[in-house]
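Encoded as structure tokens, the structure appears first; notes follow it.
All heavy atoms count here, side chains included; hydrogens, waters and symmetry mates do not.
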Amino acid sequence: MINRIIGGTPRRAGFIPLLGLFLVSLAATPLLHADEPFARSKDYDLEHSRIALRLTCSKKKVIGDVTHTLTILRDTQRITFDSVGLQIQSVTLNKAAATFENSEDKLHITLPKPAKPGEKFTVRDQVRRQAHQGPLLHPSRQGLSHRPKQVWTQGESEDTRYYLPTYDYPNDRLTTETILTVPADWLTVSNGKLISVTDAGSGLKTWTWRDRSPVPPISSPSLPASSPKPRIPGGTSRYLLCAQGSRRPPHRQLRPHSAMIDLFSKKLGVDYPWEKYAQSIVDDFVAGGMENSSATTNASSSLRHPKLVPEYPQDEDPLISHELAHQWFGDLVTCKDWGNIWLNEGFATFMESVWTEAHFGRDFADYERWETSRQWFSMQGLYAKPIVRHDFDDSSEFDGNAYAKAGWVLYMLRHELARTPSTSV
């Protein structure tokens, strides 16, 4: 994820498409937690989630039916999901009704008998939700009739629990199947490969997406977007979605990702790891961009009028390269806990420089690093904080040290390792 405040804390909301029959409308729910500094000890391994969502735009509701598949890792008498402000209607365990307790921030499911390591369970929940965060409806507002209706979701770091019960921490990986029923003239984007689009009747279509590669919970989005005639330049494996109603068309701004994919694959020695790469442009997004695996979400504020683009030599290349780099660092390889978030953000920041050097030249990249350093040195509160730390009780780990300073350390290591003939980045 990217936020251009070098010394500040990027704003994050939450998404991973996980669990239940649920109803969403726009109301307020207080935030109850801060990011957990240390990795959890897990009772189970969440392996797969099947998420079926139906959008009723006129009523501002999202209804869904989601099933989790998991394996027990140690002796336990219950399965616990993170869950805040959710009205749990019913839970089934291996197709049988289960006893459950819904506390302020957890959903506890009681097992019929103690489970041993290796036992597998299928959990299906029915949930109702008055949403503060999660799937967000963006209808055309008064005076903003040009803006399309949109629904987008966003998961980093630990806010998924506000609209879906789930294992809401990065030290797990799961595959997903996302089934989205939306108005027939809408386009949807989610993780993995598009399997089918079928007629659901009553002016609706159902889109099925399947991601066969395990991904961390923080990077699994489902993003339906109203777009009667969406702009999708490029092929089916690499594409850009921008709603027709946008007054700032994508022009060439978000299209260099094909060249970036080729460069990063070559430099890292690891091919792009997912079945596609999509970039979706949404209104009112909570950050500059978010690296959902195979389906990055970017804010519409990143777009400029085509006539202004020539005045910005880099345009949005830093944003595009940063989020793309996360497909390797953050999605393919993920930090175990939030105290090591630099492994995600520092490498993504470093790869921005790799692209800048290759595309704009070494002088441009050096100037960019110097300019960023001036901003960092103006943030004296960062001086005493190490890059790796576990002393936060909020979300302040997403700071200028995790981004800029960690990127400089990697640049330094690159310089030192360049003396080794095998070094290629």
- [ ] Start with the C-alpha distance between N344 and W342, add both sets of side-chain angles, then the distance that settles side chain to side chain contact (heavy atoms under 4.5 Å, CB included), and finish with yes or no.
- [x] CA-CA 5 Å; N344 295 22; W342 77 273; over 6 Å; no
How long is the straight-line distance from [atom2] of [Y] back to [atom1] of [X], given to the nearest 0.5 Å?
X	Y	atom1	atom2	value
Y167	Y44	OH	OH	7.0 Å
W207	I195	CH2	CD1	13.0 Å
L107	F81	CG	CZ	7.0 Å
L410	F329	CG	CZ	8.5 Å
D45	L73	CG	CG	5.5 Å
T178	L53	OG1	CG	7.5 Å

Ion pair present between [X] and [Y], side-chain N to carboxylate O less than 4.0 angstrom?
X	Y	value
D82	R40	yes
K205	D199	no
R362	E368	no
R389	D399	yes
R212	E275	yes
D105	R161	no
K113	E119	no

Is a side-chain donor or acceptor of [X] paired with a backbone partner of [Y] at a separation under 3.5 angstrom?
X	Y	value
D262	S265	no
Q77	A115	no
W328	V270	yes
D315	D317	no
Y277	S258	no

Ignoring hydrogens, what is the shortest heavy-atom contact between [X] and [Y]? Give both atom names and the distance.
X	Y	value
F392	D35	CE1-O, 3.7 Å
T188	V182	CG2-CG2, 3.8 Å
L194	T208	CD1-O, 3.5 Å
V91	D125	CG2-OD1, 2.9 Å
F264	S321	CE1-O, 3.7 Å
S83	I88	OG-CD1, 4.4 Å

Task: Residues forming a ring pair (Phe, Tyr, Trp, His ring centres under 6.0 Å) with H390, sequence neighbours excluded - done: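 For H390, the residues satisfying ring pair (Phe, Tyr, Trp, His ring centres under 6.0 Å) (neighbours in sequence not counted) are F38.
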Under 3.5 Å, is there a donor-acceptor pair linking the side chains of [X] and [Y]?
X	Y	answer
W274	Q327	yes
N191	S294	no
K106	T80	no
E47	T71	yes
N292	T297	yes

- [ ] Could you check R54 against L180 for side chain to side chain contact (heavy atoms under 4.5 Å, CB included), going step by step and ending with a plain yes or no?
- [x] CA-CA 6 Å; R54 177 181 291 262; L180 304 169; over 6 Å; no
Are side-chain heavy atoms of [X] and [Y] found at a separation under 4.5 Å?
X	Y	answer
F350	R414	yes
T122	T92	no
V123	I109	yes
H68	H48	no
P117	D75	yes
P216	D172	no
Q314	I320	no
I179	R50	yes

Open item on the list: Using side-chain hydrogen bond (donor to acceptor under 3.5 Å, both in side chains), reason through T334 and R173 one step at a time and then give a plain yes or no.
Closed with: CA-CA 9 Å; T334 310; R173 302 184 76 84; 3.0 Å; yes
Task: D43/I72 under side chain to side chain contact (heavy atoms under 4.5 Å, CB included): CA gap, chis, key distance, verdict - done: CA-CA 6 Å; D43 292 333; I72 300 299; over 6 Å; no
Task: Verdict with reasoning, T176 to S49, per side-chain hydrogen bond (donor to acceptor under 3.5 Å, both in side chains) - done: CA-CA 5 Å; T176 61; S49 292; over 6 Å; no
- [ ] Decide if atom NZ of K42 counts as having more than 12 heavy atoms of other residues, nucleotides or ligands within a radius under 6.0 Å.
- [x]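 Yes, enclosed.
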- [ ] Using a cut-off of 6.0 Å, state whether more than 12 heavy atoms not belonging to K336 lie near its atom NZ.
- [x]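 It does not: K336 NZ has 12 such atoms or fewer within range.
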Open item on the list: Determine whether D283 and S300 satisfy the following criterion, side-chain hydrogen bond (donor to acceptor under 3.5 Å, both in side chains), listing intermediate values before the conclusion.
Closed with: CA-CA 5 Å; D283 294 322; S300 60; 2.7 Å; yes
Open item on the list: Whether R369 engages the ring of F364 as a cation-pi pair (distance to the six-membered ring centre under 6.0 angstrom, angle to the ring normal within 45°) should be assessed.
Closed with: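 So R369 doesn't make the cation-pi contact.
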TODO: Could you tell me how the ring of H322 sits relative to the ring of Y403: parallel (under 30°), tilted (30 to 60°) or perpendicular (over 60°)?
DONE: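 H322 and Y403: parallel rings.
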TODO: Look at the aromatic rings of W355 and H359 and report parallel, tilted or perpendicular, splitting at 30° and 60°.
DONE: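 Parallel: the ring planes of W355 and H359 meet at under 30°.
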Open item on the list: Please determine whether side-chain hydrogen bond (donor to acceptor under 3.5 Å, both in side chains) holds for the pair N298 and S280, giving the CA-CA distance in whole Å, both sets of side-chain angles, and the decisive distance to 0.1 Å.
Closed with: CA-CA 6 Å; N298 289 320; S280 301; over 6 Å; no
- [ ] Please assess E291 against L324 for the test side chain to side chain contact (heavy atoms under 4.5 Å, CB included), listing each intermediate value before the final yes or no.
- [x] CA-CA 7 Å; E291 63 276 9; L324 176 61; over 6 Å; no
